[in-house]
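What follows is a single structure, written as structure tokens, with notes after it.
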Amino acid sequence: MTANPTYAAKEYAMKPHESDSPPKQRKPGGWLGAIIMVALAAALGVGIYLGIVSRVEAAGTLERTTDAAEIPFVSVIHPRPGAASTEVALPGNTQAFISTPIFARTNGYLKAWYADIGAQVKQGQLLAVIETPELDQQLEQAQADLKNAQANLQIAQATNQRYQDLIAAHAVSREEADTTAADFRSKQALVDSGEANVRRLQQLQDYEKVYAPFDGVITARETDIGDLIQTTDTRELFHLAEIDRLRIYVSVPEVYAAKVTNGEKAALTVDSFPGETFSGTVVRNSDSIDPVSRTLNVEVDVDNPTGKLLPGAYVFVHFKFPSTVGSVTVPSDTMLFRSEGPRVGIVQDGHARLVPITIGHDYGTSLEVLAGLTPQDDVIVDPSDSLTDGMPVQIAPKAKAP
């Protein structure tokens, strides 16, 4: 019996669309594999994503690190507020209050001396004796000439007196009387001249003995027994100095000149007496600036009753000058020298700012700034010459104390 093809085709076409046919059962291993495949795909996607993100972050970090490395680090300090007063130590030279060379006033030979260097002498004390044989002879001659002139004067006086009496009686002529009167006046002048010459030589004879003109110490003796003494010689016999009080001359820089006041106290230190301070007083100044050194010459007097301080010693005079209100002090290595004037670099909002400053006093290692800075500013220490206004900078962290 032959099968009906139409029926078979119809049957084949209807089978896939039959809703009442039971679904086929899948094997358990198929679902598990699908889940594993999905998990692997998800893990691979996550790994790829994380790898890309990490690469992007690393690149960004590297870029930021590179950019940060290009920004220079700078050390900063805060300016110190100015003190109420500033102490300035200036070198000075000590001099004896009175210092004088003692020269000979007469010619001769040194017979004896009685004071050597370091000797404390009093006013009027005998220092030396000079032998003057020629002067003694000149004095004797002058005294003899004076006696002769006095004798002639007596004769002329008597003659003049007689002629004056005779002229009253008209016994002599007026001319003769006038002649005797003129001769009398001439003899009187000769006597006066002789007396003056004797006094001069006696005064020179008094200079045979050399006396101390004031209380002091002999600082030099430039003669010895038998030396030829001449008044034309520029060599001094002795040098005498009064050291109970000393003068100290200090050259004060022009920037402090206006602050020097007569009568103010000043402390003195000497290297030969470490740790010891002497007190002096400003007594006068030159009221004039030296055009060469640009300094004011100031005299400080100090009492020296014990003679501890010596003339010629090198001392330091400590002045206390009032500081300018609102000033600050910064180290010298913070300043920049630019063509437009002195500048100081400060850090503001991560950038360098070059601010102009007005310098007061230069203390060597530090500077007084009168205007341009405040104690709150971050001032760059030892700035580079290439530092420019607006340049990005980083403040270097401070090193921890050990």
Side-chain angles (χ1 to χ4, degrees), residues 67-91 250-261 264 266-267 282 285 287-298 316-401:
D67 293 340
E70 293 178 353
I71 301 176
F73 283 91
V74 293
S75 299
V76 298
I77 57 96
H78 292 293
R80 292 187 293 108
S85 61
T86 302
E87 181 175 301
V88 179
L90 299 173
V250 188
S251 296
V252 177
E254 185 177 359
V255 293
Y256 301 114
K259 298 182 179 181
V260 175
T261 304
E264 68 176 317
V282 178
N285 64 79
D287 281 333
S288 176
I289 300 296
D290 187 333
V292 177
S293 62
R294 297 298 177 186
T295 57
L296 176 72
N297 191 24
V298 176
F316 285 94
V317 182
H318 300 260
F319 295 97
K320 285 190 176 181
F321 299 125
S323 297
T324 305
V325 178
S327 63
V328 295
T329 304
V330 295
S332 299
D333 58 1
T334 60
M335 189 171 65
L336 289 166
F337 295 94
R338 297 297 166 89
S339 59
E340 58 271 18
R343 296 288 188 271
V344 166
I346 64 173
V347 179
Q348 286 183 349
D349 301 327
H351 292 79
R353 302 297 179 192
L354 302 185
V355 296
I357 59 172
T358 301
I359 300 176
H361 304 310
D362 187 348
Y363 303 118
T365 58
S366 61
L367 297 171
E368 181 188 28
V369 179
L370 304 180
L373 294 176
T374 65
Q376 291 74 35
D377 290 330
D378 292 320
V379 178
I380 301 174
V381 180
D382 194 15
S384 171
D385 291 337
S386 60
L387 186 70
T388 58
D389 191 63
M391 175 187 292
V393 292
Q394 302 180 78
I395 297 179
K398 295 182 179 179
K400 293 183 179 180

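Computation of the quantities below employed the complete heavy-atom set of this structure, encompassing side-chain atoms and omitting hydrogens, waters and symmetry-equivalent molecules.
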Specify the closest pair of heavy atoms between [X] and [Y], including all atoms of both residues, with the distance to one decimal.
X: S386; Y: M391; answer: O-CE, 3.3 Å
X: L336; Y: S384; answer: CD2-O, 4.1 Å
X: K259; Y: E264; answer: O-OE2, 3.8 Å
X: S366; Y: S332; answer: N-OG, 3.1 Å
X: V317; Y: A266; answer: CG1-CB, 3.8 Å
X: T374; Y: D377; answer: N-OD2, 2.9 Å

Looking at side-chain heavy atoms only, is the closest gap between [X] and [Y] below 4.5 Å?
X: I77; Y: P331; result: yes
X: Q394; Y: V74; result: no
X: T295; Y: V252; result: no

query = For the atom pair OG1 (T358) and CG (L373), what is the distance rounded to the nearest 0.5 Å?
reply =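 Between T358 OG1 and L373 CG, I get 9.5 Å after rounding to 0.5 Å.
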ask   = In Å, rounded to the nearest 0.5 Å, how long is the span from CG of L370 to OG of S327?
value = 6.0 Å
Under 3.5 Å donor-acceptor pairs involving side-chain atoms of residues 339-357, not counting sequence neighbours:
unit_1	atom_1	unit_2	atom_2	d
H351	ND1	D349	O	2.9

key: Side chain S251, main chain N297, donor-acceptor under 3.5 Å   = no
key: side-chain hydrogen bond (donor to acceptor under 3.5 Å, both in side chains) partners for T261, two or more places apart   = none
request  = Quickly, which of T334, V76, V328 forms a side chain to side chain contact (heavy atoms under 4.5 Å, CB included) with V379? Name it, please.
outcome  =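 The single option meeting the side chain to side chain contact (heavy atoms under 4.5 Å, CB included) with V379 is T334.
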